[in-house]
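As the structure is a prediction and not an experimental result, all values here were calculated from the model. As the structure lists them, so they are numbered: ligands from 1, and atoms in each ligand from 1. Hydrogens, waters and symmetry mates are skipped; everything else that's a heavy atom, side chains included, is used.
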Amino acid sequence: MESSAPGFDSLGLSQPLLKALCEKGYISPSPIQSQAIPAVIAGRDVMAAAQTGTGKTAGFTLPMLERLTHGARPGRAQIRALVLTPTRELAAQVLDSVRDYSRHLSITSDVVFGGVKINPQIQRLQKGVDVLVATPGRLLDLFQQGALRFDRVEFLVLDEADRMLDMGFIHDIRRVISRLPDRRQTLMFSATFSPPIRKLATGLLDHPVQIQVAPANQTVRSVDQVVHPCDMARKTDLLTHLIRSSDLKQVLVFSRTKHGANRVVERLCQQGLLASAIHGNKSQGARTRALQGFKDGSVRVLVATDIAARGIDIQQLPHVVNLDLPNVPEDYVHRIGRTGRAGETGHAISLVAAEETLLLKAIERLTGESLRRENVPGFEPSILNAPPLDLSGGRGRRRPGQSPKGSSRRRQDSRSTRTYRR
Ligand code: AMP
């Protein structure tokens with residue numbers, strides 16, 4: 001079989017996996033893959049600092065599949081490898097990768113997450129599954145209902161562990177871990193090795209191989225950032241103008257609120273632009289459809305809130321627009337990290353009204369950079385001074401610069417910031 005992907009064949013992967021890689025068009029392993037794959041195949045625990053866009057999913061999936069091919073099939077309700085992710089979207093994407101890479105293996109895989117009916121999941125799990133990708137809450141529900149067993153778990157992967165901590169999953173994660181067999185391999189992926197991540201790793205990982213891919217993200221370095229000052233009331237019109245005048249094709253728009261996201265989608269659709277919203281009030285089906293449409297090009301503009309956008313991997317996303325600046329300056333860094341993947345230059349546009357001056361300053365303070373301002377002819381702001389937005393109301397809102405309670409966000413993101421200043 002002349003199917004080996006050059007560069008991957010020295011890492012210890014067998015022919016069915018090399019064939020799948022070749023079919024995906026991967027030529028050579030990314031740095032995280034070259035380091036993680038041999039370590040995992042050798043049976044080591046791994047603790048890796050790597051963000052989305054570095055190839056981390058293949059970094060843990062490929063060697064895990066390699067090892068799973070050698071063991072016995074799972075029995076009733078049993079699982080052999082458990083991958084925990086913070087969001088439903090990321091869980092679905094990881095499952096897609098697992099299925100892609102295992103297409104020439106007789107390995108079964110599935111995904112479970114909340115927001116959809118639990119009974120079909122219970123049914124599917126009955127016959128056991130080799131690789132189960134899950135969000136922590138639903139996994140525990142299923143476990144408590146006796147729908148699955150952890151006695152055969154050989155692998156535990158924590159993907160985007162820092163986000164899981166940020167999102168308050170620590171107790172669920174610890175509950176899951178306490179039920180797993182001691183003899184297993186554990187792989188932990190996180191954007192950074194922040195102190196809370198190190199604390200979680202203690203006792204969980206056994207003499208892990210530590211991998212840090214630096215710079216964390218090529219991407220962020222090649223993001224062209226611009227601020228277009230404008231009046232609050234004209235933002236949607238300016239957005240439409242930018243999309244039409246520059247013929248932007250695949251635009252991810254960030255809105256601070258779910259309500260705002262719905263409103264802008266309505267306006268864009270009225271103006272003949274195909275747009276869809278993705279946020280926590282949407283059903284899982286609606287979110288999946290919106291994301292799929294965005295990926296296949298039938299949806300031109302995807303409007304997302306910060307939480308919903310986490311973990312979404314859309315390859316080579318060319319444009320990110322901040323319709324509102326985020327309340328938390330660190331979110332700006334996450335938002336613009338969505339563009340310019342895999343060496344492509346991305347374009348991050350922020351529409352900033354006078355009311356958001358403080359938010360903009362907080363972002364510039366955090367990144368140590370002054371963002372380029374460019375007026376768009378016809379959309380110059382008429383209001384130059386305005387009281388800052390009141391961000392105090394509403395659940396979970398924070399003032400600019402204020403760190404989320406009990407989280408390590410400020411610490412961990414100072415690293416991403418350094419990255420994109422380079
Ligand atoms: P990840 O960091 O796992 O989210 O992967 C980012 C993107 O890079 C995904 O769309 C992968 O399909 C792609 N990818 C991963 N590894 C490689 C590779 N070795 N060569 C080319 N593309 C890759």
Side-chain angles (χ1 to χ4, degrees), residues 3-13 17-38 40-41 46 48-66 81 83-103 109 111 131 133 157-164 187-192 211-223 250 252 291-292 294-297 309-318 320 334-335 337-344 346 416 419:
S3 52
S4 27
F8 275 104
D9 45 8
S10 58
L11 298 180
L13 299 170
L17 286 168
L18 293 174
K19 189 172 176 199
L21 287 171
C22 193
E23 287 162 357
K24 293 260 316 167
Y26 295 0
I27 309 292
S28 53
S30 69
I32 185 121
Q33 292 163 0
S34 328
Q35 294 176 68
I37 293 172
V40 177
I41 290 181
V46 166
Q51 293 170 341
T52 310
T54 53
K56 66 183 168 69
T57 316
F60 63 75
T61 305
L62 292 167
M64 188 172 78
L65 290 170
E66 180 64 44
V83 182
L84 293 184
T85 73
T87 63
R88 302 160 188 181
E89 284 78 14
L90 184 60
Q93 282 172 202
V94 171
L95 179 74
D96 284 348
S97 297
V98 171
R99 293 210 165 147
D100 270 357
Y101 302 135
S102 62
R103 57 196 299 181
S109 50
V111 65
V131 181
V133 188
V157 181
L158 300 180
D159 192 12
E160 303 206 351
D162 51 334
R163 292 234 178 280
M164 289 201 273
L187 319 176
M188 186 160 91
F189 289 76
S190 172
T192 60
I211 301 174
Q212 195 141 13
V213 281
N217 201 338
Q218 263 254 325
T219 8
V220 200
R221 255 189 293 162
S222 55
V223 177
Q250 203 186 23
L252 179 61
L291 191 58
Q292 194 48 48
F294 190 55
K295 284 183 170 176
D296 69 24
R310 276 183 191 164
I312 295 177
D313 171 46
I314 302 149
Q315 253 180 312
Q316 299 169 357
L317 187 61
V320 166
H334 289 303
R335 288 179 177 191
R338 305 264 148 227
T339 180
R341 291 251 160 89
E344 297 287 309
S416 344
T419 312

Does S30 reach the side chain of T54, with side-chain heavy atoms less than 4.5 Å apart? no
Heavy-atom contact check, 4.0 Å cutoff: does G59 meet ligand 1? no
Short list, please: which atoms of ligand 1 are under 4.0 Å from a heavy atom of T54? 2 (O)
Test of understanding: with side-chain contact (heavy atoms from CB on, under 4.5 Å), list the residues that count as partners of S97, not counting sequence neighbours. T57, Y101
Do V131 and L65 touch side chain to side chain, with heavy atoms closer than 4.5 Å? yes
Within reach of ligand 1, part of Q33 (heavy-atom separation under 4.0 Å): side chain
Would you check if L11 and I41 make a side-chain contact, meaning some heavy-atom pair closer than 4.5 Å? no
Taking the side chain from R99 and the backbone from S109, do they hold a donor-acceptor pair closer than 3.5 Å? yes
By salt bridge (charged side-chain N to carboxylate O under 4.0 Å, His left out), R88 pairs with (sequence neighbours left out) none
Any idea which atoms of ligand 1 are less than 4.0 Å away from a heavy-atom of T57? 1 (P), 3 (O), 4 (O)
For atom 19 (N) of ligand 1, which candidate among P31, S28, A50 provides the closest heavy atom? S28
Geometric N/O contact F8 with ligand 1, under 3.5 angstrom: no
May I ask you to check if ligand 1 and K24 share an N or O to N or O distance below 3.5 Å? no
